[in-house]
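Everything on this sheet refers to the single structure shown next.
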4 protein chains.
Amino acid sequence: MEDQLETGVADGAEERTAPRKRQARGERRIAEIVAAAARVLAAQGYEKTTTNAIAAEAGISPGSLYQYFRNKDEIAAELATTYAAGLRSAHDAAFDLTDVARLTAEETVDRVIDPILAFNVANPGFKALHARPDMPPGLVAATQPIHDALRGRVIGLLETRFPERSSVELHLAAQLMIQVVQAAMPTITAADPGERPVIITEVKRMLSAYVRELAVR
Amino acid sequence: MEDQLETGVADGAEERTAPRKRQARGERRIAEIVAAAARVLAAQGYEKTTTNAIAAEAGISPGSLYQYFRNKDEIAAELATTYAAGLRSAHDAAFDLTDVARLTAEETVDRVIDPILAFNVANPGFKALHARPDMPPGLVAATQPIHDALRGRVIGLLETRFPERSSVELHLAAQLMIQVVQAAMPTITAADPGERPVIITEVKRMLSAYVRELAVR
Amino acid sequence: MEDQLETGVADGAEERTAPRKRQARGERRIAEIVAAAARVLAAQGYEKTTTNAIAAEAGISPGSLYQYFRNKDEIAAELATTYAAGLRSAHDAAFDLTDVARLTAEETVDRVIDPILAFNVANPGFKALHARPDMPPGLVAATQPIHDALRGRVIGLLETRFPERSSVELHLAAQLMIQVVQAAMPTITAADPGERPVIITEVKRMLSAYVRELAVR
Amino acid sequence: MEDQLETGVADGAEERTAPRKRQARGERRIAEIVAAAARVLAAQGYEKTTTNAIAAEAGISPGSLYQYFRNKDEIAAELATTYAAGLRSAHDAAFDLTDVARLTAEETVDRVIDPILAFNVANPGFKALHARPDMPPGLVAATQPIHDALRGRVIGLLETRFPERSSVELHLAAQLMIQVVQAAMPTITAADPGERPVIITEVKRMLSAYVRELAVR
DNA sequence: CATGAATGAGGGTTCATTCAT
DNA sequence: GATGAATGAACCCTCATTCAT
């Protein structure tokens with residue numbers, strides 16, 4: 001899954017000059033650092049994650065970090081961007097809007113939730129980046145794209161499913177649905193793997209009920 | 001315990017009041033410190049809250065903090081206890097289990113949520129104390145009572161309303177409902193006060209739908 | 001043995017006015033504080049002994065300490081003085097210079113050492129007051145009387161026993177003998193009580209050999 | 001270990017020296033810090049020695065200390081190790097067990113004491129590291145090797161000289177002899193350099209007498 | 001570019017001492 | 001006098017960041 005972190009990033013800008021290689025190397029380094037940050041973040045949480053620990057995990061010197069990032073928050077921001085991309089492509093794989101109108105509430109919910117769940121489980125550092133009261137402003141800004149991308153997807157799905165509902169309504173609904181999943185995530189990941197389906201089912205029940213309510217509102 | 005301090009000093013009326021006054025002063029100080037901590041916590045979040053900042057906010061010296069608390073976590077723990085009590089009494093005012101069985105889903109949800117919402121709005125430091133992956137163990141322990149108390153209330157209400165549901169089911173349902181509210185709280189408090197009712201309504205819709213689903217499951 | 005701490009201090013100045021009682025109370029307080037200090041010192045060592053701990057042990061408030069002593073060192077100084085007196089009277093009981101000239105080396109050594117050993121064992125706080133490189137100057141000065149008193153006694157004994165030896169020689173010899181005992185004290189007190197006699201015997205052997213050497217020098 | 005750091009970097013000569021230089025710099029820094037610690041320790045004693053003072057004395061920042069040592073005790077431990085090595089080699093220079101059996105008591109004593117005396121005079125920080133009741137456990141452990149090494153030497157010498165004595169006896173004798181020297185050290189170093197020989201002679205007399213007693217016991 | 005030693009402002013906490021009551 | 005809350009400088013240590021090599 002850490003591999004994913006590099007996917008979709010370094011391709012597309014294949015120039016053929018000397019700087020290119022350096023550029024490529026730089027991007028690889030950035031990816032390595034970000035992957036290291038993800039690992040440390042997953043293990044320690046945001047506040048207890050030190051830049052030295054990230055550097056050590058990435059196998060480079062502390063000083064080198066600052067060749068690529070101006071400060072700690074910027075690393076987190078880059079990781080957030082990476083996560084946004086990863087989540088986007090995870091959703092891409094599952095999303096197919098062609099027959100959304102015919103989906104049951106349960107199916108709709110599955111389409112929204114399952115990729116999020118899978119992504120959270122596969123990327124344990126993800127949760128350390130969630131909006132929290134004491135997040136530094138820079139990180140808040142950096143985290144925004146993730147949420148925007150995610151919400152955009154869900155809004156798109158809801159719009160297709162409920163064309164009669166207002167944009168504001170769906171915006172709010174999408175946000176709320178996502179928040180519910182994220183709120184339940186710690187409980188899910190902390191639970192015994194065998195117990196997780198029970199919790200997930202409960203979350204889905206709530207969301208399905210909500211989607212149904214949205215239909216008849 | 002406090003009484004004991006006064007016992008055995010049978011002579012002199014001022015001997016009886018002096019300790020009480022000091023006692024009272026001590027409790028007032030503790031309350032002041034905790035209130036100051038709540039303010040700083042609300043503004044800065046847990047990790048960025050320094051003991052010096054709490055002391056300054058409370059108008060005392062750093063050393064004085066430690067006359068009343070052994071360390072930073074203990075201050076947070078005391079605040080958590082205070083919040084637990086506040087939340088309990090907020091719920092007490094709203095809770096009346098006598099006719100719960102006749103409640104509609106909407107009414108049930110209101111009973112659960114409204115006190116929580118009001119409490120969160122009134123106590124902006126509350127959110128800084130929520131369980132997070134990188135919380136110090138002492139704070140985790142200190143925060144537990146709040147969650148337990150809250151969940152206990154909600155479980156009690158659900159049990160009365162849905163006697164046919166299993167304890168495990170209701171336990172999970174209660175936890176999930178609370179998580180939803182807490183997850184939506186940042187959005188609510190961050191929103192323009194005029195916009196809040198819309199968001200709150202949406203949250204309640206989701207929960208009401210869930211409660212209804214719980215009834216017919 | 002703590003009783004001893006009060007002995008020989010408060011008597012001799014028995015005035016009969018109002019201040020007298022207060023004076024007496026003050027001296028009793030001082031004695032209590034000093035005794036408390038001795039206990040804490042014995043348990044914690046000099047550096048780890050806090051004035052608050054002494055106050056608590058004495059059953060008074062920190063502020064009250066400073067009614068009787070200007071600072072921490074002064075308490076230690078007073079304890080040192082008390083110890084000097086105690087040691088003096090301990091020696092008084094054992095010393096009888098009338099027939100010293102006829103004493104064997106072993107007997108001479110016993111006379112010097114036994115009271116010191118007994119005193120050290122009985123007053124576990126004594127060792128915390130010994131001259132050490134990091135002692136505050138005030139305490140150094142305060143400790144001096146103990147050593148002077150002790151050395152004075154031993155010099156007196158040696159002078160009687162070895163009238164032919166120069167004062168400088170005996171001064172040095174006395175100091176050295178005392179140092180040896182003090183140096184061995186931690187080993188003795190730390191040892192299993194059953195093992196102590198073996199160590200003590202060894203110390204005495206060394207000193208006896210030295211005293212004999214002093215005779216034939 | 002150090003070698004390993006250089007292995008696997010087969011290209012480039014500067015690649016081979018750079019680590020060595022850095023390594024060397026690190027070891028020099030450690031030595032500087034330890035030397036600074038010795039100076040501060042000599043002047044202030046263990047408890048009053050602050051890490052900031054050591055850093056200042058070493059001409060570095062407080063934080064830099066912790067690049068090389070995990071905490072204050074570890075610095076002391078390193079100094080203790082250094083002292084142990086220094087003392088060992090000081091003894092090595094003076095020790096030659098081949099003809100110990102023929103040594104007079106005086107010569108035996110000289111062999112034991114002279115290196116210790118010289119070492120103490122040359123290393124004024126040494127005394128601050130001696131076992132005391134209130135020493136932090138880490139320092140106790142760190143100091144142990146010094147004493148063990150020293151005692152081992154003396155025991156070895158005594159065993160060669162007095163093969164008929166039991167191991168327990170010699171163990172005790174060695175410890176006592178060392179304690180005597182250490183106990184007399186403050187007096188010696190504090191004394192006017194011109195006066196020192198007199199004191200030293202006296203100490204040696206006592207120990208010689210003891211060694212003689214050991215022979216005829 | 002890479003290194004990793006160096007920095008130094010704070011962080012939480014302690015404690016001898018003071019002072020209002 | 002007695003109290004104990006209050007003080008605040010200082011302690012040990014951390015870590016994001018910089019800089020000489």
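Values below: every heavy atom of this structure, side chains too, minus hydrogens, waters and symmetry copies. Labels below follow one simple rule: chain letters A, B, ... track the order of the sequence lines, proteins then strands, and each chain is numbered from 1.
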Task: Main-chain N/O of T49(D) paired with K72(D) side-chain donor or acceptor, under 3.5 Å - done: yes
TODO: Check the distance between dA16(E)'s C1' and Q44(C)'s CD and give it to me in whole angstrom.
DONE: 16 Å
Task: Between P of dG10(E) and CD of E47(B), the distance in whole Å - done: 18 Å
Open item on the list: In this structure, how many angstroms lie between the P atom of dG4(E) and the CD1 atom of I30(D), rounded?
Closed with: 15 Å
- [ ] Nearest whole angstrom, please: distance from the P of dA2(E) to the CD of E32(A).
- [x] 10 Å
- [ ] Check each residue of residues 54-66 of chain C for a non-hydrogen atom within less than 4.0 Å of any atom in DNA chain E, then write out the ones that pass by number, or none.
- [x] G63(C), Y66(C)
Task: 4.5 Å side-chain heavy-atom contact, F126(A) and L41(A) - done: no
Task: Contact nearer the 5' end of DNA chain E, comparing N71(C) with N52(A) - done: N52(A)
Task: Residue list, side chain to side chain contact (heavy atoms under 4.5 Å, CB included) with T82(D), at least two apart or on another chain - done: V34(D), E78(D)
Task: Under 3.5 Å: donor-acceptor pair, side chain of Q44(C), backbone of V40(C) - done: no
Open item on the list: Counting only side-chain nitrogens and oxygens, does T51(A) get under 4.0 Å of the OP1 or OP2 atom of dC15(F)?
Closed with: no
TODO: Would you kindly give the NZ-to-P distance between K48(B) and dC15(F), to the nearest whole Å?
DONE: 15 Å
- [ ] Check every strand shown and say whether T50(A) touches a base, only sugar-phosphate, or nothing at a heavy-atom separation below 4.0 Å.
- [x] sugar-phosphate
TODO: Give the rounded distance in Å between these two atoms: CZ of R28(C) and C1' of dG1(F).
DONE: 14 Å
Atom pairs and distances, donor-acceptor, side-chain atoms in residues 52-64 of chain C, under 3.5 Å, two or more places apart:
{"unit_1": "E57(C)", "atom_1": "OE2", "unit_2": "R39(C)", "atom_2": "NH1", "d": "2.5"}
{"unit_1": "S61(C)", "atom_1": "OG", "unit_2": "S64(C)", "atom_2": "N", "d": "3.4"}
{"unit_1": "S61(C)", "atom_1": "OG", "unit_2": "S64(C)", "atom_2": "OG", "d": "3.1"}

Task: Per-nucleotide pairing state of DNA chain E [Watson-Crick or G-U, under 3.5 Å; [ ] pseudoknot-crossing; | other strand] - done: .||||||||||||||||||||
Task: With Y68(D) via ring-ring contact (aromatic ring centres under 6.0 Å, His included) - residues at least two apart - done: none
Task: With sequence neighbours excluded, residues passing side chain to side chain contact (heavy atoms under 4.5 Å, CB included) with A76(B) - done: Y46(B), L129(B), L139(B)
Task: Interatomic distance, Q67(D) CD vs dT18(F) P [rounded to whole Å] - done: 16 Å
- [ ] Identify, with sequence neighbours excluded, every residue that meets side chain to side chain contact (heavy atoms under 4.5 Å, CB included) alongside Q67(C).
- [x] none
TODO: Can you sort out the partners of Y66(D) under side chain to side chain contact (heavy atoms under 4.5 Å, CB included), two or more places apart, ordered by chain and number?
DONE: T51(D)
Task: Sugar-phosphate only, base, or nothing, as touched by Y68(C) at under 4.0 Å among non-hydrogen atoms - done: sugar-phosphate
Task: Between C1' of dT18(E) and CZ of F69(C), the distance in whole Å - done: 18 Å
- [ ] State whether R70(A) places a side-chain N or O below 4.0 Å from either non-bridging phosphate oxygen (OP1 or OP2) of dT17(F).
- [x] no
